[in-house]
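Following: one structure in structure tokens, then a few remarks.
Note that the structure is a prediction, hence the values are computed from the model and not measured. Here is how names work: the chains are called A, B, and so on, in the same order as the sequence lines, proteins then strands, and each is numbered from 1.
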Protein chains: 2
Amino acid sequence: MSTEQSQVALAVSTVIFALRPHSSGTPELVLPLVRRIREPYQGQWALPGGPLNLDEDLSQAASRTLLETTALEPRYLEQLYAFGQLDRSPDDRVVSIVYWALVAGDEADRAIQSENVQWFTADDLPELAFDHNLIVEYALWRLRTKLEYSRIAHGFLGETFTLAQLREVYEVVLRKPVDPGNFRRMVEASGTVVPTGERLAGTPHRPPQLYRYNTSIDLSDNGPLSQLEASRTLAFTRGEHS
Amino acid sequence: MSTEQSQVALAVSTVIFALRPHSSGTPELVLPLVRRIREPYQGQWALPGGPLNLDEDLSQAASRTLLETTALEPRYLEQLYAFGQLDRSPDDRVVSIVYWALVAGDEADRAIQSENVQWFTADDLPELAFDHNLIVEYALWRLRTKLEYSRIAHGFLGETFTLAQLREVYEVVLRKPVDPGNFRRMVEASGTVVPTGERLAGTPHRPPQLYRYNTSIDLSDNGPLSQLEASRTLAFTRGEHS
DNA sequence: CCAAAAGTGTTTGGAGTACACCCATGA
DNA sequence: TCATGGGTGTACTCCAAACACTTTTGG
């Protein structure tokens, strides 16, 4: 039993999801990766992240790295898992606490793209550094699972949206068509969404109603953890500079 | 931004659940706590745990502290959450990766009871050290939530059991009566359980069939994480010294 | 024969799915 | 007036809950 002070390093990484408009018409699920500039795995792509500062919470660290690599604010943020396998880093021992986040698609346009930060299709990634392929795979599974029983899809959208846009989120993420009529009823019954009264004009057909998210409802059922850090990012405090 | 090596300490704790026979006839959900022998919170009860050794996985550390405090092996073990609030420890900065575990009730009898290790009713705990009340609350929520959509109830029982015993696990944990007929169909349809052919004799009524768990089925739907540590503890390798 | 729990059968209501069908707008 | 998606109505299926009922043991 090693009695000396543990040399285990602690890091926080984040899997950031967004929907990017695609030439095919339907958007695609993408996430940003950063190129490693030193060993191990130099030159390979990895999840954004870094060490945990003494003066910040875990979720704050996740938000910070998210902001640093993408210049975006998360619209949804949740802890994914703590990875601590012995062999996940070749030389040192690192435990990574991983978060996953949703950012709005229209903002992802304005996001940073550079030599060392690029967005990849979530379902078609290169070989990543460390165990990050497994981590992304798990984050994808959680995203898809949670989308089906929780109401987080609006995290991909802006302040207001049509039900068709919201439905498209489901179709792209879950990779299956969703019946428009049943989807409308499902969403309306959940009470998670409120009509703004305005309509989206300029369409070549009947103008659809615009909706806003019902902020008075807890969307991610995390039980008692709602008191904690996870809930803080649920309030949509985006620059309402009117 | 603190550039020096982070001084954040990493610990692993475990919430251990068991069903203990009770004088009222119906068992009760209990968990072991350890009394703190030094500051902070000296004298108060806390979750079993400790620092992470360099040569062990996170789940190994959880199993180890579980073994050290109760002399038991977990029949189910799953990561709960990583807690890293700034103020959760008064003086130093500690990030705790918490696991939750199920142990068999008949084994919990043989478990350690001492001055500094005691079992408490899960729904009626004293004020614990650190943020451990919140942690237990969350673990309880996860246990109850997971029991309803996953098949982990046998983790409270021995090798073989009757459906009435299994049903009692649900009734005690979920704190509500369960219809025997529907429960039987539900369990049989899930395929998670296999009749042994033997019957439990000595009852004042019709002798019930004994069942064994179907080990060829993955019980905890953790998606891609099944490859990882979480799955290792699912194999029931208890002393089959025949 | 009786009590009590094991085990089976039957009914029903609600939720999700499939799909037919009107509505409102731009061109 | 037509094409297109917005939005509504309706029938059907499946599963879970409720509950009546039969079976098998010990006393």
Side-chain angles (χ1 to χ4, degrees), chain A residues 21 24-27 144-151 153-154 157 160-212 221, chain B residues 21 24-27 144-151 153-154 157 160-212 221:
Chain A
S24 70
T26 61
R144 288 179 171 131
T145 305
K146 192 134 195 175
L147 199 64
E148 296 202 286
Y149 72 88
S150 192
R151 306 300 169 215
H154 67 289
L157 301 174
T160 63
F161 45 85
T162 69
L163 288 191
Q165 290 174 318
L166 191 63
R167 177 167 53 86
E168 190 171 54
V169 172
Y170 280 81
E171 294 188 326
V172 169
V173 173
L174 301 180
R175 293 173 298 185
K176 69 178 183 188
V178 175
D179 183 275
N182 296 333
F183 181 78
R184 164 175 300 274
R185 266 186 296 265
M186 183 269 284
V187 170
E188 282 175 344
S190 76
T192 47
V193 111
V194 176
T196 62
E198 291 169 13
R199 292 178 171 280
L200 183 65
T203 58
H205 53 273
R206 177 174 175 176
Q209 179 72 244
L210 277 173
Y211 289 82
R212 184 187 311 278
D221 10 58
Chain B
S24 70
T26 60
R144 288 180 171 132
T145 305
K146 192 135 194 172
L147 198 65
E148 296 202 287
Y149 71 90
S150 192
R151 307 299 167 216
H154 66 287
L157 301 174
T160 62
F161 46 85
T162 68
L163 288 191
Q165 289 173 318
L166 190 63
R167 178 166 53 86
E168 190 171 53
V169 172
Y170 280 81
E171 295 188 325
V172 168
V173 173
L174 301 180
R175 295 173 298 185
K176 68 178 185 188
V178 174
D179 182 275
N182 295 333
F183 181 78
R184 162 176 301 274
R185 266 185 297 266
M186 184 268 284
V187 170
E188 282 176 343
S190 74
T192 47
V193 112
V194 177
T196 62
E198 291 169 12
R199 292 178 172 279
L200 183 64
T203 58
H205 53 273
R206 175 174 176 175
Q209 178 73 244
L210 278 173
Y211 291 81
R212 184 187 310 278
D221 9 60

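- Atoms CZ (B:R184) and P (D:dA16) sit 17 Å apart, rounded to a whole Å.
- Within 4.0 Å (heavy atoms only), B:T162 reaches no atom of the nucleic acid at all.
- Here C:dA6 presents its P atom at 12 Å from CG of B:L166, a figure rounded to the nearest Å.
- The distance between atom CE of A:M186 and atom C1' of C:dA18, rounded to the nearest whole Å, is 16 Å.
- In terms of modelled atom types and a separation under 3.5 Å, the side chain of A:R199 and the main chain of A:P207 share a donor-acceptor contact.
- In this structure, the CG atom of A:L200 is 15 Å from the C1' atom of D:dG7, given to the nearest Å.
- Rounded to whole angstrom, the span from the CZ atom of A:R206 across to the P atom of C:dT25 amounts to 8 Å.
- With hydrogens and angles disregarded, no donor-acceptor distance shorter than 3.5 Å links the side chain of B:E198 to the backbone of B:Q209.
- Note on B:A164: only backbone sugar-phosphate atoms sit closer than 4.0 angstrom, heavy atoms only; bases stay farther off.
- Between the OH atom in B:Y211 and the OG1 atom in B:T162 there is a gap of 9.5 Å [rounded to 0.5 Å].
- Other residues, nucleotides and ligands contribute more than 12 heavy atoms inside 6.0 Å of the CD atom of A:E188.
- Computed from coordinates, the A:Q209 CD to C:dA24 P distance equals 14 Å when rounded to whole Å.
- Between C:dG7 and B:R199, a contact under 4.0 Å exists linking OP1 or OP2 to a side-chain N or O.
- For A:R167 against D:dG6, no side-chain N or O and base N or O form a donor-acceptor pair under 3.5 Å.
- Interatomic distance, CZ of A:F183 versus CG of A:D179, reported as 11.0 Å (0.5 Å rounding).
- As rounded to whole Å, 15 Å separates atom C1' of D:dC2 from atom NE2 of A:H205.
- Using a 4.0 Å heavy-atom distance criterion, A:P204 is classed as a base contact.
- Each of A:G202 and A:K176 lies near DNA chain C, and the nucleotide nearest A:K176 is the one positioned closer to the 5' end.
- A:N182 has its CG atom 14 Å from the P atom of C:dA15, to the nearest Å.
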